[in-house]
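Below is one structure, written out as structure tokens; comments come after it.
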Amino acid sequence: MTLIQHLSRGRDLARTAGDHAADMFGPLLTIGRGLRAHGRWAVKWWGGLPKDRRGPVLLLAVAVVAAVALLPYGPLLALLTLMGSAAWAGRDRAPAPEPAPDTSQLKLGAIYTALTPYLVHESDPSPLYSHGGDFKDAFGSWEFDPEGRLTSLELRYPAYFTDTEPHARARIEHVIHSKAGRSREYRFTWDEETNHLQVSVLSPLPTDILAQPYVTAQGEVVLGFTDTTSTNRMIPVRQGAGTTHQPPVLWRTGPRAGEPHLLALGTHGQGTSTLLRSLALQALAHGDIVVIDGAGTGEHACLVGRPGVHTVETSLHGALAALEWAVNETHRRLDAHNLAKRSGITPPADTVRPLWLLLDHPAELSELAQAEGRTDPQDLLEVPLRHGRTAHITVVVADHLDALPRIKPTVRSAARARVVLGPLDPDLAPDALGAPLDITPSSHTPPGRGYARLGIHPPVRIQVPAAPDPLDEETPADQRDAVIALLPHTDSRTEAPASAALSLDKNPPPARSGPAPDPGPDRAEQQERAEERTGEIATPVIPALQLP
């Protein structure tokens with residue numbers, strides 16, 4: 001054992017012995033302090049006694065001592081009385097600590113004082129908010145959790161406050177959020193008719209939900225999960241080691257969808273690519289997808305070669321070819337649907353199969369196209385966006401929040417379904433979500449956390465399920481296995497032999513990294529009937545193109 005260890009052990013033993021000695025000799029020390037206090041009092045009293053009275057007093061004291069000594073048990077009772085008096089006099093007389101101030105009163109007072117400059121007017125004869133006033137006149141009710149943090153607050157404000165202006169509201173919300181604590185999210189409910197504001201704290205959303213098959217109807221996809229107060233629907237999900245029911249954010253696509261296209265924005269590392277990957281995994285169960293990775297990071301490489309994935313493009317040339325094919329495919333589907341309606345027959349199966357166009361960071365491709373003098377990829381989205389609902393084509397665009405000004409107005413106006421991941425400035429909420437945000441974001445935002453707005457509905461909170469890139473070495477094993485389990489494999493879908501090669505015509509289809517699905521006898525018969533009616537060669541199903 002080293003010298004330092006010996007010293008440390010000896011110090012611990014000495015400290016323990018001292019603690020035991022203090023416990024053992026504590027009463028004796030108390031009596032000793034009391035006896036010293038009695039002695040000091042006796043000396044002080046004797047010194048202040050006049051000399052002519054000291055003799056009689058001394059004689060009286062001797063008589064008392066003699067009388068006590070002659071009484072039965074007198075000395076013992078005198079000793080016990082002395083010890084009790086000494087113990088009382090030697091007790092610890094430290095002043096009791098003052099009660100700690102009520103933190104709830106301090107916080108409410110701070111909120112009231114901070115709101116006063118914004119809710120008072122000099123011409124108001126009886127202001128509800130005044131400097132040095134009482135917050136109980138303006139605050140109706142409040143609640144705090146056991147830790148002393150504000151959980152709910154209801155307050156009144158003057159009728160002349162401009163509660164219909166988003167900037168005025170945002171200023172009040174920012175003040176309350178700053179004083180109540182920035183580590184949580186707050187929902188602000190404004191009642192303009194009665195001039196009341198309800199502030200409530202939102203509980204954290206679960207972050208341990210992985211990508212998985214969801215119980216949804218045809219044409220419904222799960223964007224993420226939200227609060228129980230934002231939706232009246234619950235679906236079973238695997239969470240952790242068990243199964244729970246969580247409220248989903250459902251986005252309905254297809255011909256009857258009110259918002260057939262989606263625009264997702266977010267800051268770096270907040271999960272926009274994860275959202276695209278989650279949507280791709282759900283779309284591949286019932287349709288085909290075309291992926292364009294404008295950033296060229298290869299985050300969607302796990303989809304290459306999968307059945308139902310037409311192509312995964314990372315270059316400008318490939319993106320333009322894929323989007324040109326999407327434009328031609330949209331026209332082909334529209335012509336097939338019009339012909340079917342005029343003829344009173346069912347449209348071909350390949351024209352009603354959902355097709356998803358997933359674009360990740362297209363603004364970077366737009367800048368590259370502008371520098372090279374080529375067609376902007378966003379301009380090619382106009383036809384799929386305008387006719388996508390009828391042609392069963394869904395467009396999903398994901399980009400950085402800073403790239404919002406570089407997104408074409410056509411895309412922003414057509415993509416009415418919005419998702420914003422990461423911290424969102426209230427001033428940017430009207431442009432990013434299309435409506436002001438009545439929720440103040442937390443100072444710490446986990447990946448995949450944000451807000452969603454579908455159509456004319458108010459924004460809701462959203463937590464995107466974890467669907468990371470399975471090819472990333474830093475991806476946890478459980479999340480990698482969850483994504484791989486959802487990827488379609490070669491033996492999981494019916495495939496056609498790649499016997500015919502593609503000819504390079506004027507509008508070539510995008511390259512597929514895997515074999516194409518078998519059109520089946522029904523699809524072939526429908527194509528033959530279309531050829532007989534029109535006298536033209538119907539557009540075949542996209543065959544396979546083996547990449548070198």
Looking at side-chain heavy atoms only, is the closest gap between [X] and [Y] below 4.5 Å?
X	Y	value
Y157	L128	no
P377	E313	no
L265	T272	no

Determine the minimum heavy-atom distance between [X] and [Y], stating which atoms define it.
X	Y	value
V419	L275	CG1-CD2, 3.9 Å
L262	R418	CD1-N, 3.9 Å
F144	K107	CE2-CD, 4.0 Å
L401	A432	CD1-CB, 4.1 Å
A467	V483	CA-CG2, 3.8 Å
P468	T274	N-CG2, 4.5 Å

Notebook entry, point to check: Can H177 and R182 be said to form a side-chain contact (heavy atoms from CB on, under 4.5 Å), step by step?
Noted result: CA-CA 6 Å; H177 188 200; R182 296 178 178 270; 4.2 Å; yes
Classify the ring geometry between [X] and [Y] as parallel (under 30°), tilted (30 to 60°) or perpendicular (over 60°).
X	Y	result
H400	H268	tilted
W142	F139	perpendicular
F161	W190	parallel

Say whether, by atom type as modelled, one donor and one acceptor occur between the side chain of [X] and the main chain of [Y] under 3.5 angstrom.
X	Y	value
R406	A363	no
T330	A326	yes
T226	I462	no
Y112	S130	yes
E220	A217	yes
H261	A414	no
S442	S183	yes

Rounded distance (nearest 0.5 Å) linking atom [atom1] of [X] with atom [atom2] of [Y]:
X	Y	atom1	atom2	answer
D469	S273	CG	OG	9.5 Å
L119	R156	CG	CZ	12.0 Å
L359	L365	CG	CG	8.0 Å
L263	R412	CG	CZ	9.0 Å

Checklist line | Heavy atoms from other residues, nucleotides or ligands near CG of N232 exceed 12 (cutoff 6.0 Å) | finding: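 Not more than 12 within 6.0 Å, no.
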Notebook entry, point to check: In terms of heavy-atom contacts, does OH of Y118 have more than 12 from other residues, nucleotides or ligands at under 6.0 Å?
Noted result: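 Incorrect, the count does not exceed 12.
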Check: Side chains of R353 and H286: is there a donor and an acceptor less than 3.5 Å apart?
Finding: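 There is no such pair between these side chains.
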Notebook entry, point to check: Hey, which of K408, H361, Q378 is the one that makes side chain to side chain donor-acceptor pair (under 3.5 Å) with S366?
Noted result: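 Result for side chain to side chain donor-acceptor pair (under 3.5 Å) with S366: Q378.
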Checklist line | Presence of salt bridge, D163 and R169, under 4.0 angstrom | finding: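 No, R169 and D163 are not salt-bridged.
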Item checked: Worked verdict on L355 versus V290 for side-chain contact (heavy atoms from CB on, under 4.5 Å) -> CA-CA 8 Å; L355 175 63; V290 172; 4.3 Å; yes
Notebook entry, point to check: Run the side-chain hydrogen bond (donor to acceptor under 3.5 Å, both in side chains) check on D145 and T151 step by step: do they pass?
Noted result: CA-CA 6 Å; D145 59 8; T151 57; over 6 Å; no
Checklist line | Test log, rule side-chain contact (heavy atoms from CB on, under 4.5 Å), inputs H167 and D427 | finding: CA-CA 8 Å; H167 293 287; D427 295 335; 3.9 Å; yes
